[in-house]
There are 2 protein chains.
Amino acid sequence: MEEDFLVEMDYAGLTARLKRLSDAFVYSTKEFYKSVDLDIEPNWHMIFLILQKNEQMTVMEIAEALQLSHPAIVKLINKMKKRGYIKSEKDPEDFRKYQLSLSEKALEKLPEIETYWEAGNEAVAQIMNHNREILKQLEILEQNIAEADFKQRTEQILKTNKP
Amino acid sequence: MEEDFLVEMDYAGLTARLKRLSDAFVYSTKEFYKSVDLDIEPNWHMIFLILQKNEQMTVMEIAEALQLSHPAIVKLINKMKKRGYIKSEKDPEDFRKYQLSLSEKALEKLPEIETYWEAGNEAVAQIMNHNREILKQLEILEQNIAEADFKQRTEQILKTNKP
DNA sequence: ACTATTTAAGTAACCCGTTACGCAAATGTG
DNA sequence: CACATTTGCGTAACGGGTTACTTAAATAGT
């Protein structure tokens, strides 16, 4: 077999493996979209879905729902706007906000895109061996980090070891 | 509880969750290093370890061992050089290559850094509930993707569904 | 020996996400 | 009502990684 040093690193390799795996999906998805001539980015998927569910949302609402920082959402939304997938209108009750929603173009293209997403989900299922275990494991990490993150835990451990 | 839309997305949220989790570790580690006044970046860890194991390596060798692209390694190495952690000398047998190794400064600082890494590993173990299951699951995904990546599988599924 | 091909590395152009900062609008408080 | 604080969101500066392209050196092949 081939040697994979990140695997060999064991616990210390976890972070980089998560990133590497995520990238493997992202770049592969990107190429897939290109091959079927779809003018969208992989991670717009989550924006499409959340705006399908909620119709109208603000930047901050999306950021909270996805648990990402607001600048991340701003960037995504700006690109999607530039390509005409997002409609945004000033909130009449709070002029700081813009109510975001899917554009006509987005709604129009969605049916086609959805057939690709369905195939993609099946591909992910295959890669997961049709087993939900990885999702459960991710949830455990997410919850534990929410309780106390890496930095807090590491500092606590050092404090306990020292004296 | 709070709602996490990426979790709700199920299979379609996997990629973004992997990235989000990786980032949670990276940025928390970054802050930890800052708090203990360590002048290194989180993902230099893998470079330090692999050069501790192998003494001398080229950019391509590191890229292969970590299964990352060579430009990724070039960038890491350049930053580490700038901070004085990497020694590089032209390979006398092949002038395209540079043999990379840890500098005196790196070797000097390593003992201290290692105490932090040990605490960090324990923190990761806590976050994993002292259970190796997540590592096994990642290995499954890595292997399945190595056999056929997301794009190939998705195209295959579409081909099978169509006719 | 002398081209043709492969390989090592570096660079450019992108996409992703984060923290830090700034500004304007909304809300709270004396 | 006026001043202070909070909230929404846009931008800048970083750090990470990828693919595509280029250059130079090593290796193949006739």
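Per chain, numbering begins at 1; letters A, B, ... match sequence-line order.
For the 3.5 Å distance criterion, the side chains of B:Thr160 and B:Gln156 qualify, holding a donor opposite an acceptor. When only modelled atom types and interatomic distance are considered, B:Gln137 and B:Glu133 share a side-chain donor-acceptor pair under 3.5 Å.
Scanning atom types as modelled, no donor and acceptor separated by under 3.5 angstrom connect the side chain of B:Lys75 and the base of D:dG15. For B:Tyr27 and C:dG17, a side-chain-to-base donor-acceptor distance below 3.5 Å is present, hydrogens and geometry of angles not being considered. At a cut-off of 3.5 angstrom, the base of D:dG8 holds no donor-acceptor pair with the side chain of A:His70.
With rounding to whole Å, A:Leu21 atom CG is found 16 Å from D:dG16 atom C1'. Between B:Asp94 atom CG and C:dT6 atom C1' there is a gap of 12 Å when expressed in whole angstrom units. With rounding to whole Å, A:Asp23 atom CG is found 11 Å from C:dG17 atom C1'. Following rounding to the nearest Å, B:Arg20 (CZ) and C:dT18 (P) show an atom-to-atom distance of 10 Å. For the pair A:Leu18 CG and D:dG17 P, the computed distance is 13 Å after rounding to whole Å. Regarding A:Lys34, its NZ atom lies at a distance of 11 Å from the C1' atom of C:dC14, rounded to whole Å. D:dG17 atom P lies 15 Å from atom NZ of A:Lys30, rounded to whole Å. To the nearest angstrom, P of D:dG17 lies 9 Å from CG of B:Leu66.
Taking both residues in full, the closest heavy atoms of A:Lys151 and B:Ser28 are given as N-OG, 2.9 Å, listed atom of the first, atom of the second, then distance.
If you find the closest nucleotide of DNA chain C to A:Val26 and to A:Pro71, the one lying nearer the 5' end belongs to A:Val26. Toward the 5' end of DNA chain D, the nearer of the two residues B:Met46 and B:Glu93, judged by each one's closest nucleotide, is B:Met46. Remark on DNA chain C: of its neighbouring residues B:Met60 and A:Leu68, the 5'-side contact belongs to B:Met60, judged by nearest-heavy-atom nucleotide. Closest-nucleotide positions on DNA chain D for A:Arg96 and A:Asn78 were compared, and the one nearer the 5' end corresponds to A:Arg96.
A close approach under 4.0 Å does occur between a side-chain nitrogen or oxygen of A:Asn43 and OP1 or OP2 of C:dG17. Of the side-chain N and O atoms in A:Lys79, one or more sit less than 4.0 angstrom from OP1 or OP2 of C:dC16. Checking the phosphate oxygens (OP1, OP2) of C:dA9, a side-chain nitrogen or oxygen of B:Thr58 falls inside 4.0 Å. One finds a side-chain N or O of B:Ser69 lying less than 4.0 angstrom from the OP1 or OP2 phosphate oxygen of D:dT18.
Within 4.0 Å of B:Leu76, counting heavy atoms only, lie sugar-phosphate atoms of the nucleic acid but no base atom.
Remark: A:Lys105 is positioned above the aromatic ring of A:Tyr85, its terminal NZ or CZ atom under 6.0 angstrom from the ring centre and at most 45 degrees off the axis.
Set against C:dA9, D:dG16, C:dC16, the side chain of B:Val59 has C:dA9 as its closest nucleotide. Which of D:dT11, D:dA25, C:dG10 sits closest to the side chain of A:Val74 comes down to D:dT11.
Look at B:Glu122 and A:Arg153 and you find no salt bridge, because none of the NZ, NE, NH1 or NH2 atoms lies under 4.0 Å from a carboxylate O. With salt bridges taken as basic N to acidic carboxylate O contacts below 4.0 Å, one links A:Asp4 and A:Arg20.
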